[in-house]
Structure formats: C-alpha cells, structure tokens
Amino acid sequence: MAHVRRFDHVGLTVSDLDVATAFFVGLGFEVEGTGFVQGDFPATVCGLPGTHCEIVMLRPPDGGARLELSRFIAPDHLPGSPTAMPNELGIRNVSFEVGDLHAAVDAVAEQGYGLVGRIGEYENSVRMAYVRGPDGIIVSLFEQLG
C-alpha cells in the first residue's frame, strides 16, 4: 500500500531568512508566500513548547515541489555544522537542475558562496557541482548535457 501521494516540499531551517531567500531567489525560485506560525499546532508537530517561526515558501520555475525556509523566533535555532561534508548522516543536500551550471555557480559566487569541491562531469550526460549556501546548506546544482 502506497502512503505517499506526492512530494510537497523540503523544509530548511535558516538563521537569516532574508539572506537565504535572496540566495534561492537568485537561483530562480519565486516567493509563493510568507507568514508566521505559533501556538499549539507547531509546538505539537515540532515537539518544542512555545514554537514561533517565520516562514517563506518558495516555488521553483517548473511548479514542482516547493522549498520552505523557516527561521525560529522561539525557541532560538540551534547551530548546525556549517562545514558539514556530504558523507555526514542526515540530509546533506538539496538538488536543482539549472540551464547553465557555470552561470549559476558564478551567480552564487557573486553572493559570496563557493564550491564544496569542484565542477564534475559524468559520462558526457550531466555536469554537477555542490555549492555551500547560507548556514552551510549544501546545494547540488546540475546541468543536463547534450
């Protein structure tokens, strides 16, 4: 029996919502909505009494699964590892197809974000790079070739 009906969104907790939003908007996402959540519902779901979050929901150009950015107002966020490497357990990257990998890497570099490793190419079919974005989030950018 299949329980999942569709892939809705990926949620990322960030320390600075404006910086993270600008990063993803710079890659081509559009702001779908913003808001605040607090009270019993988020406290119950998160398991954190007194939860109060500010959220930005981003939509990709193709209308697919969305990206939710959350900044905890209360309780304050806990620092993650800003230098986590791809082999550390947990969600290590979010991946997006781009039209021109070099242009996308250059665009995020202009914002002060760099590569985790280098740009790689696999069997003349795909070119990929890991970029370390806001709060150390690893963003996989890939370009289909041919």
Side-chain angles (χ1 to χ4, degrees), residues 3-122 126-145:
H3 296 282
V4 174
R5 296 181 78 184
R6 68 182 174 91
F7 188 177
D8 186 73
H9 73 275
V10 171
L12 301 173
T13 301
V14 299
S15 63
D16 188 319
L17 207 51
D18 293 333
V19 167
T21 299
F23 175 82
F24 288 105
V25 166
L27 286 172
F29 280 82
E30 297 176 21
V31 175
E32 183 176 77
T34 63
F36 293 87
V37 293
Q38 64 184 41
D40 290 337
F41 175 71
T44 299
V45 172
C46 293
L48 297 168
T51 295
H52 183 193
C53 289
E54 183 178 10
I55 294 174
V56 172
M57 189 64 78
L58 301 169
R59 180 181 60 248
D62 72 348
R66 297 168 298 162
L67 186 62
E68 176 189 79
L69 304 177
S70 301
R71 180 183 68 86
F72 277 77
I73 297 166
D76 197 8
H77 68 272
L78 297 175
S81 175
T83 58
M85 292 305 288
N87 64 333
E88 292 184 34
L89 298 179
I91 295 176
R92 282 299 118 222
N93 73 78
V94 292
S95 183
F96 307 110
E97 182 177 352
V98 298
D100 182 334
L101 180 62
H102 290 286
V105 168
D106 289 346
V108 297
E110 288 176 12
Q111 297 179 51
Y113 302 104
L115 296 172
V116 173
R118 298 185 329 227
I119 294 175
E121 191 172 306
Y122 181 72
V126 68
R127 188 175 293 133
M128 181 185 289
Y130 279 180
V131 174
R132 191 169 303 279
D135 294 312
I137 297 166
I138 297 174
V139 178
S140 170
L141 302 175
F142 73 93
E143 174 186 359
Q144 295 287 346
L145 303 174

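What's counted below: heavy atoms across the whole structure, side chains too, no hydrogens, waters or symmetry copies.
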Asker: If you look at every heavy atom in Glu143 and Leu101, which pair is closest and at what distance?
Answerer: OE1-N, 3.0 Å

Asker: What are the two closest heavy atoms between Arg66 and Pro60, and how far apart are they?
Answerer: CA-CD, 4.2 Å

Asker: Answer yes or no: does atom CD1 of Ile91 have more than 12 heavy-atom neighbours from other residues, nucleotides or ligands under 6.0 Å?
Answerer: no

Asker: Looking at CE of Met128 and CD of Glu97, how far apart are the two atoms once the value is rounded to the nearest 0.5 Å?
Answerer: 10.5 Å

Asker: Take atom CG of Asp8 as the centre, draw a 6.0 Å sphere, and report whether it contains more than 12 heavy atoms from other residues, nucleotides or ligands.
Answerer: yes

Asker: Answer whether the closest heavy-atom distance between the side chains of Val116 and Met85 falls below 4.5 Å.
Answerer: yes

Asker: Quick check: do Asp135 and Leu12 have side-chain heavy atoms less than 4.5 Å from each other?
Answerer: no

Asker: Could you state the interatomic distance from OG1 (Thr44) to CG (Asp40), rounded to the nearest 0.5 Å?
Answerer: 5.5 Å

Asker: Does Val31 reach the side chain of Leu58, with side-chain heavy atoms less than 4.5 Å apart?
Answerer: yes

Asker: Salt bridge check, Arg71 against Asp16: does any charged N sit closer than 4.0 Å to a carboxylate O?
Answerer: no

Asker: Does the side chain of Val139 come within less than 4.5 Å of Asn93's, by heavy atoms?
Answerer: no

Asker: Determine the minimum heavy-atom distance between Ala84 and Arg92, stating which atoms define it.
Answerer: CB-NH1, 3.3 Å

Asker: Please check if the side chain of Arg132 supplies one atom and the backbone of Gly136 the other of a donor-acceptor pair under 3.5 Å.
Answerer: yes

Asker: Test side-chain contact (heavy atoms from CB on, under 4.5 Å) on Val131 and Leu115; report intermediate values, then the result.
Answerer: CA-CA 4 Å; Val131 174; Leu115 296 172; 4.1 Å; yes

Asker: Looking only at heavy atoms, what is the nearest atom pair of Pro61 and Gly28, with distance?
Answerer: CG-O, 3.5 Å

Asker: Quick check for you: to the nearest 0.5 Å, what is the distance between Leu69 atom CG and Cys53 atom SG?
Answerer: 12.0 Å

Asker: Please find the pair of heavy atoms, one from Arg127 and one from Ile119, that lie closest to each other, and give the distance.
Answerer: CG-CG2, 3.5 Å

Asker: If you round to the nearest 0.5 Å, how far is CE of Met57 from CG of Leu67?
Answerer: 8.5 Å

Asker: Between Pro75 and Thr51, is any pair of side-chain heavy atoms under 4.5 Å apart?
Answerer: yes

Asker: Over 60° means perpendicular and under 30° means parallel, so classify the ring planes of His52 and Phe36, tilted if in between.
Answerer: tilted

Asker: So Val14 and Ile137, do their side chains get closer than 4.5 Å, heavy atoms only?
Answerer: yes

Asker: Could you pull out the closest heavy-atom pair between Ala20 and Pro134, with the gap in Å?
Answerer: CA-CG, 3.8 Å

Asker: Starting at CD of Glu68, measure out to OG1 of Thr13 and round the result to the nearest 0.5 Å.
Answerer: 8.5 Å

